[in-house]
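To find a chain, count down the sequence lines: A is the first, B the second, and so on, and within it residues start at 1.
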2 protein chains.
Amino acid sequence: MPDSMAEMVEEPVGGDASTSLYQRILNDIRDRIVSGEWEPGYRIPFEHELTAEYGCSRMTVNKALSQLAKSGLIERRRRSGSFVRRPQSQAAVLEIHDIRIEVEALGLPYRYELMAQTKRRATTVDRERLGPGPSVAGQVLALQCLHYAGVRPFCVEDRLISLAAVPEAADQEFLKSAPGPWLIGQVPWSAAEHVIRAAAADGETAADLGLASGAPCLIIERRTWSAERPVTHVRFTYPANAHAVVARFTPSDS
Amino acid sequence: MPDSMAEMVEEPVGGDASTSLYQRILNDIRDRIVSGEWEPGYRIPFEHELTAEYGCSRMTVNKALSQLAKSGLIERRRRSGSFVRRPQSQAAVLEIHDIRIEVEALGLPYRYELMAQTKRRATTVDRERLGPGPSVAGQVLALQCLHYAGVRPFCVEDRLISLAAVPEAADQEFLKSAPGPWLIGQVPWSAAEHVIRAAAADGETAADLGLASGAPCLIIERRTWSAERPVTHVRFTYPANAHAVVARFTPSDS
DNA sequence: ACTGTGATTATGTATATACATATCAGAAAG
DNA sequence: CTTTCTGATATGTATATACATAATCACAGT
């Protein structure tokens, strides 16, 4: 390598003072990948080449490349180098908002109403709703609630809480505030599963939402676990035109 | 700290030879957080304390903690320490499958059918469908397709492709294979947005799917960008009972 | 031609060190 | 009593170095 390297050392190319060097290297490479300049299968420069290009140590380059590998944009093979992976895992990030936030984002006043609250021994159906996991036996709390946007019903909430996982819920009366936000502050959930589907409203739900029976609805069901143990199952039913779920994907690792 | 530290130095506690030290530290801490042992707000040990506990250098501890911070499980504040964050961003990962894979997962034979293919200058409606971005002007390809599971229609696909972004699509005839998989191999998409909602089937769609008009359907719309430029918009319409979207969340960083 | 074997190479992990930076506590000054 | 300054502290980033590990290549021997 010629001695023209000296000028690179004193100023790392198009330096941006706000971000760190490894972040800049990471962004540079990511940009070249997502722009298509480096297509899937392309062998990106070796660590020692980038070391020379940016005039920094191998550790700095390694930190950038390791993160890119972890985020799935590149694949690293010993002795061979690092390669651009094809965008394979079409995964998107789905943001689950609080219903109050959702309603207020529409500029409408939010109101919550408890329709029914039952404490009972877990039935087989209850156990199935809560999902697989140990110690599901015992008491559960079943709740039916209604969320309003202005004067109109916004969504029906049908929730089951495992009192084995959340004993504090037994003494709670969810008259004023919804169980969702309370639970989040209560239990450190470690896993969640969402199922989103469409269905025709059954008679009762339709009545609650002020719809004709059979009207299309969006149903979001969520199961939550805390340390492998089922915590809660909740089903939100929205009128078809009231709500949509948005999910985004960007290969960001910043 | 007493001098009993010596034994920790020689063998890093419950050593697992398969994983690296920083991974083990990361896992240890993550486990304590998701198990609830360290609740939100808890100040986790300082780097120099973990350094002593694991008998390793600060860089190793730092690598573990930095990753936990990046994955959002902890928050790091200079001079104050690192703190367990409350599980705030209820984000879930939504896996977008190929329709062929979905159908075959049901154990049914997959069949694809092209209903219509039109090439035209982009209208205002087309530009809105493709979403914001530069150089949307120009020609677009509009496709209507039907995906079958066995003998029954599984879903209707209504797609718009920007020929400015994918000029190769102009010469393609999507008679045998669906445009989705072809596009993935063609364009390195860098961002995607999904909107999932429920709606009543309109007359044409209902007919295609063999449903009564007004039957509830699940609609998934996806917009894709490649380097800020709109590539395609696609709307999949499924009969309510045929399909559901599943999204999972786990605070995994392995 | 085939096969093993060792050298080479790029990455993976870890260390000690250094300095920058944000922030907080308490001291000094007004 | 408030403001300002200063030092202490924990994290953030970067470096040079070292050795481990996996994969590949070249070469020697059967």
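For B:Ser66 and D:dT11, the shortest distance from a side-chain N or O to OP1 or OP2 is not below 4.0 Å. One finds no side-chain N or O of B:Ser20 lying less than 4.0 angstrom from the OP1 or OP2 phosphate oxygen of C:dG12. Residue B:Arg76 has a polar side-chain atom (N or O) positioned under 4.0 Å from OP1 or OP2 of D:dT11. Between C:dT11 and A:Ser80, no contact under 4.0 Å exists linking OP1 or OP2 to a side-chain N or O. Distances shorter than 4.0 Å separate some side-chain N or O of A:Ser82 from OP1 or OP2 on C:dT11.
Between A:His243 and A:Tyr238, the two ring planes are parallel [angle under 30°; tilted spans 30° to 60°].
Residue A:Arg79 contributes atom CZ, which lies 12 Å from atom P of D:dA23 at whole-angstrom precision. Atom OH in A:Tyr54 sits about 17 Å away from atom P in D:dT13, given to the nearest Å. Rounded to an integer number of Å, the gap from B:His48 NE2 to C:dT17 P is 17 Å. Put simply, CZ on A:Arg43 is 8 Å from P on C:dA10, counting in whole angstrom units. For the pair B:Asn62 CG and D:dT15 P, the interatomic distance rounds to 15 Å; values are reported in whole Å. One atom, CG of A:Leu26, and another, C1' of D:dA14, lie 16 Å apart when rounded to the nearest Å. In this structure, the CD1 atom of B:Ile25 is 12 Å from the C1' atom of C:dT13, given to the nearest Å. In this entry the distance linking CZ of B:Arg78 with P of D:dA8 reads 19 Å, nearest Å.
For the pair A:Arg86 and A:Phe83, the NZ or CZ position fails the cation-pi test of under 6.0 Å to the six-membered ring centre and within 45 degrees of the ring normal. Remark: B:Arg222 is not positioned above the aromatic ring of B:Phe236, lacking an NZ or CZ atom under 6.0 angstrom from the ring centre and at most 45 degrees off the axis.
Counting non-hydrogen atoms of other residues, nucleotides and ligands closer than 6.0 Å to CD of B:Glu168 gives a total above 12.
Where B:Glu47 and A:Ser57 meet DNA chain D, the nucleotide closest to each residue was compared, and B:Glu47 sits on the side nearer the 5' end.
With D:dG12, C:dT13, D:dA14 as the choices, the nucleotide that has an atom nearest any side-chain atom of A:Arg58 turns out to be C:dT13.
Side chains of B:Leu73 and B:Val84 form no contact here, defined as non-hydrogen atoms less than 4.5 Å apart.
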